[in-house]
Structures are given as structure tokens and as C-alpha cells.
Amino acid sequence: MTSTSRAPRQRETWTSSTGFILAAIGSAVGLGNIWRFPGVAYENGGGAFLIPYLVALLTAGIPILFLDYAIGHRYRAAAPLAYRRMARPAETLGWFQIGLSFVIAVYYAAVIAWSLSYFVFSFDLRWGDDTGTFFTGEYLKVGDPEISATIVPGVAIPLVLVWLAVLVVIALGVTAGVQRVNVIGIPLLFVAFLALVVRAVTLPGSTTGLDAFFTPNWGALTDPAVWIAAYSQIFFSLSIAFGIMVTYSSYQRRKANMTSSGLIVAFANSSFEILAGIGVFATLGFMANQASIGIEELPGLTGPILSFVTFPAVISQMPGGTFFGAIFFGSLTLAGFTSIISILLGVAASVGEKFGLGQKGSALVVCLSCAVLSLALFSTTSALLALDTVDQWANNVGIVFSAIAMTVLVVWVLRKGPTLKAHLNAVSTFKVGWWWILLVGALAPIYLGYMLYERVRTLITEGYEELPQWFLNTFGWGVIGLVVLAAILLTLVPWRGRDEPEFVPWPPLQEEPASLLQPGSSTTSDILRPRLPEQEEPR
Ligand code: PFF
């Protein structure tokens, strides 16, 4: 193993638990909350969806969030190195997760760029009366589902701006970059969005929308697809099993209250999600009311069409629409931005650790390659369909597989359940019991396995959205195959980062004198190193 000393000696940390919590909320609250949740809930039983949603949150969301936190904090590295420190070959799983995150960032950036454009358009309601034709025709210039290299400047320019901003934040690092953006951005986002929701619920007709959103269809609860939708939503929304929360918690200080932070993050994310549902459906109620039709007759209640076609149409009809539009698209841009920086920080840290690059070097390499891909794929005329297909496979196949692999590997193969449980309990006020290992190690792989089987079976037998098979093989299965291949190859590349044969996980806090609780201090680790009780094979 080669040893270089190019990587920074001391690991940066969030400056406080509030810094960490705001950054983790920033990662969780994103496009998934605003454009995905309301439509998913509406299509899957309305008010009754809240039951599978809460079950998914409690049985998988929070337990796997704790697992991500425990791995990152105990092994103090981004996903590939954290897994490698548990067992060398496990590095591949870390790269698989980071690969998926990379794929998500490629298209996520495109949607942020659209939101940025629409933020500007909202000042003069540029989308006109036919918002559908404007979005797909005039703005995206969508063609047939064929790869087309015609760059659309209207998308390319905001996309470049988004990537430049991401690059600057990641290059500035954890404290001066990511934490600062979130400490300012998240309170701003909550205030702006609250104002939007208050305006929405006071619009005439809003109750029609809220009725449609909350009226429970209890029959939906017997449909497995509804439960699958609930679990997928929770994974994407909480950013879990992507290796990103592993990276975020690796920057936590030694004495960090992991589980309580996790509960705050999960609660804030779900509250924001429900708030978004209320805001979106109250607004749709207004639209249906104006047109004297039922909510179900409105076109496009989910995904890009909801945000970029239906919403602009409502905004045009609304008194004070310009202001409402600016807040809506401004919030969408901000929420998306605080999420994408979490992804890029995770990818950059992984690459930096493996190849011995510093913060700025890894930020440059990773952001540039992701930006080039995203510009090539999503500022061209095949954008919309490719985006939808990649999103479908990454979230419903890739990430579910990642969660199963992670829980089986950590609990069954490496038998780290008790160690990680003890680790969480040593640093947290909310203690986890054996129920946590049971949820993560036994229940999660079973129902997630079933979910994955169902989804893959449907995708194979029924295809997707009537798209040609070659298109699905390229943007769906092909992308997943590429991520697997990249994960294997990256594991095989010799480790070039700082060699750290002396790495040892932190021992339980009570074994350490209080005066040594200075996180990340080299003196602490130097003093402790020779007499640590639990020596583990580092990599
Ligand atoms: N949680 C984000 C959202 O709801 O939009 C998306 C996301 C961020 C997914 C970070 C995955 C990730 F690692």
C-alpha cells in the first residue's frame, strides 16, 4: 500500500450539533419533499398514505438513518473508506452508494437549474398561458426519446451557474462551505415556505384541494404498491443508504448526540413534507375551483409536470402570482441546492480519501466531471425522458438494493450490530435497544427484499412508461450496471490516500478521561492509541 501525506491531517468537523442538524436537514429537505411527496401521497391513498408513510419512517427510515450515522461516526470516513475499515472488500458497497449519489447529482442539478430559470421567469410570468407547451417545447425543446446532442442554452446557462456554486461550496469545505450555506439557507427556506403555505391555504377553493389530499382511501392500504411507494419516498427523502449520511456524520465531533440529532432531522423532514403537501394541494384546489372542475381532472399532479407546468398555470391566475411564483421557485432552488451539496461533499470526500487529494482538488475533479455529464445529458433535447428513467431506476432499484446490501453486510456478515448499537448509545441520550438491530438486520432486509423483487419484476415484464426497450436498457439498467462496474473497479484501484494503519474506532466515551474529549485533536488520538481496547483491522 502506498503512503502519501497529501491528505489533510485533521478531519474537519461541524462546529456544533446545530451545524450538523441544519446540514442534515438541508440534505433531507429537497426536491423530493416539494415535488415528489405531494403527488405520491395523493396517488397512493391520500390521507390513508400517511399510515404506510409513518410505518416506513419508524421501521426503516429512522433505524437506517441511525445505522448511517453510526458507521460514519465510528469509522470517521466517507462511505468507501468507512466500509473498508470494517472489512476491506466492503469498500465496494461504499462505492456503489457513492456511484448512485453521483448519478442522482447529475440529474438533480438539472432540476435545480430549471427551478432557477423559473424563478427568473416568475417575475414576468414568461411561461404565458400554455405552460405545458412552454415547458417542454419552448424551454426544454424536448425531442423524441433519442440521444440528441443539441445543447439548449436556456438550460445550459443556469446549469453552469448551479455547478459553479456547488464547486465553490464544496471547495470551501465542511465548515466554511456546507455548514454556512445550510445555517443561512435552511431557516430562510422554512420561513419562505411557511409564507407560501399560509398564502395557499387562504386562497379561495383551497379546502377542495386539502380534502382531495387528506381524504383517506383505506382500500389503498391492502395494495403492496402503496407500501413500496411509502418506503421509496422515505429513503430518497431522508437521503439514507446513499453513503451521504455516512459522510456527514463522519464530520461529527467525538461527543455528538447521534440519535437525538437523527430524530430531529427525521421529524423536521417529515413535517416539511406534509407542509409541502398542504401547500401544493391548497394551491391546486384554488386552480380546480377557478376552472370549476374536480382536483382529479387537473393534469400533472406529480413530478416535473406538477412543478413546471401545473404550478406556473396556477401562479398566472393568482392575485399576487409573481410574488408567489418567486417564493415557490426560490424555495425549490434553495431546497435542491442544500441537498445537492450534500451529495457532492460525499462524492468528493470519497474520491479525496481514496486518491489522496485535498479538499479543493477533489472538489474540482468531482464537480467538473459531474457538471460535464450533467451538461451533456440534461441540457440537450432528450432531457426529460432520460431524467425520469434514471430517477426511476436509481431510486426504486439501486437504492433499495443498496439498503438491503448494507443491512445484511453490516449485521449478518460483519456482525457489527452490537458494536454499532453500543457506539450509538455511548454518545447519544436517546438509547437504542435490541429492537434497533432487529429492525435493521431482520425486518428491513425482508420487506426491502420483497419490494425490490416486486419492482424489478414489474419493470422487466411491463417496461416503463411505454419507452422503447433500448432506451430503458441505456438509462435504466445500463446506468445501474455502470455503477456496479465502477464500484468494482474503484475498489480494485490501489489505495493511494493517506495510509493510516493505526486507525482505531473511538472507544466508548466513558473509558476516556473528560479532558481528552477534544474532537479530532491529534493529541487525543496520540495519547489514546497505544492502549486502546479494541483494535480493528483498519483496511
Ligand atoms: N433527500 C433529497 C430530497 O428529498 O430531495 C434528495 C437526496 C439528497 C437524495 C441526498 C439522496 C442524497 F444522498
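We count ligands from 1, going down the list as the structure has it; atoms in each ligand are counted the same way. Predicted, not measured: the structure shown is a model, and the values here were computed from it.
Those atoms of ligand 1 that come under 4.0 Å of a heavy atom in Gly32, given as number and element, are 3 (C), 4 (O), 5 (O). Heavy-atom proximity to Leu31, at under 4.0 Å, picks out these atoms of ligand 1: 5 (O). For ligand 1 and Ser342, the ligand atoms under 4.0 Å from any heavy atom of the residue are 10 (C).
At under 3.5 Å, a nitrogen or oxygen of Ala28, whether backbone or side chain, sits near a nitrogen or oxygen of ligand 1. The distance criterion of under 3.5 Å between nitrogen or oxygen atoms is met by Phe236 with respect to ligand 1. For a threshold of 3.5 Å applied to N or O pairs, the pair formed by Ser101 and ligand 1 contains no separation below that value.
Ring geometry for Phe311 versus Phe324: interplanar angle under 30°, hence parallel rather than tilted (30 to 60°). Between Tyr139 and Phe135, the angle of the ring planes stays under 30°, which puts this pair in the parallel group of the 30/60° scheme.
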Verdict with reasoning, Arg455 to Gln392, per side chain to side chain contact (heavy atoms under 4.5 Å, CB included) = CA-CA 10 Å; Arg455 190 60 66 130; Gln392 181 65 218; 3.2 Å; yes

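Using modelled atom types and a 3.5 Å distance limit, the side chains of Asp388 and Tyr464 yield a donor-acceptor pair.
The cationic group of Arg11 lies under 6.0 Å from the six-membered ring centre of Tyr251 and within 45° of the ring axis, placing it in a cation-pi geometry.
For atom 13 (F) of ligand 1, the closest heavy atom belonging to the protein is Ile244 CG1, 3.0 Å.
Within a 6.0 Å radius of CZ in Phe430, more than 12 heavy atoms belonging to other residues, nucleotides or ligands are found.
At a heavy-atom cutoff of 4.0 Å, ligand 1 is contacted by the side chain of Tyr108 but not by its backbone.
Among residues two or more places apart in sequence or in another chain, the salt bridge (Lys or Arg N to Asp or Glu O under 4.0 Å) test is passed with Glu91 by Arg84, Lys354.
Heavy-atom separations between Ile104 and ligand 1 are all 4.0 Å or longer.
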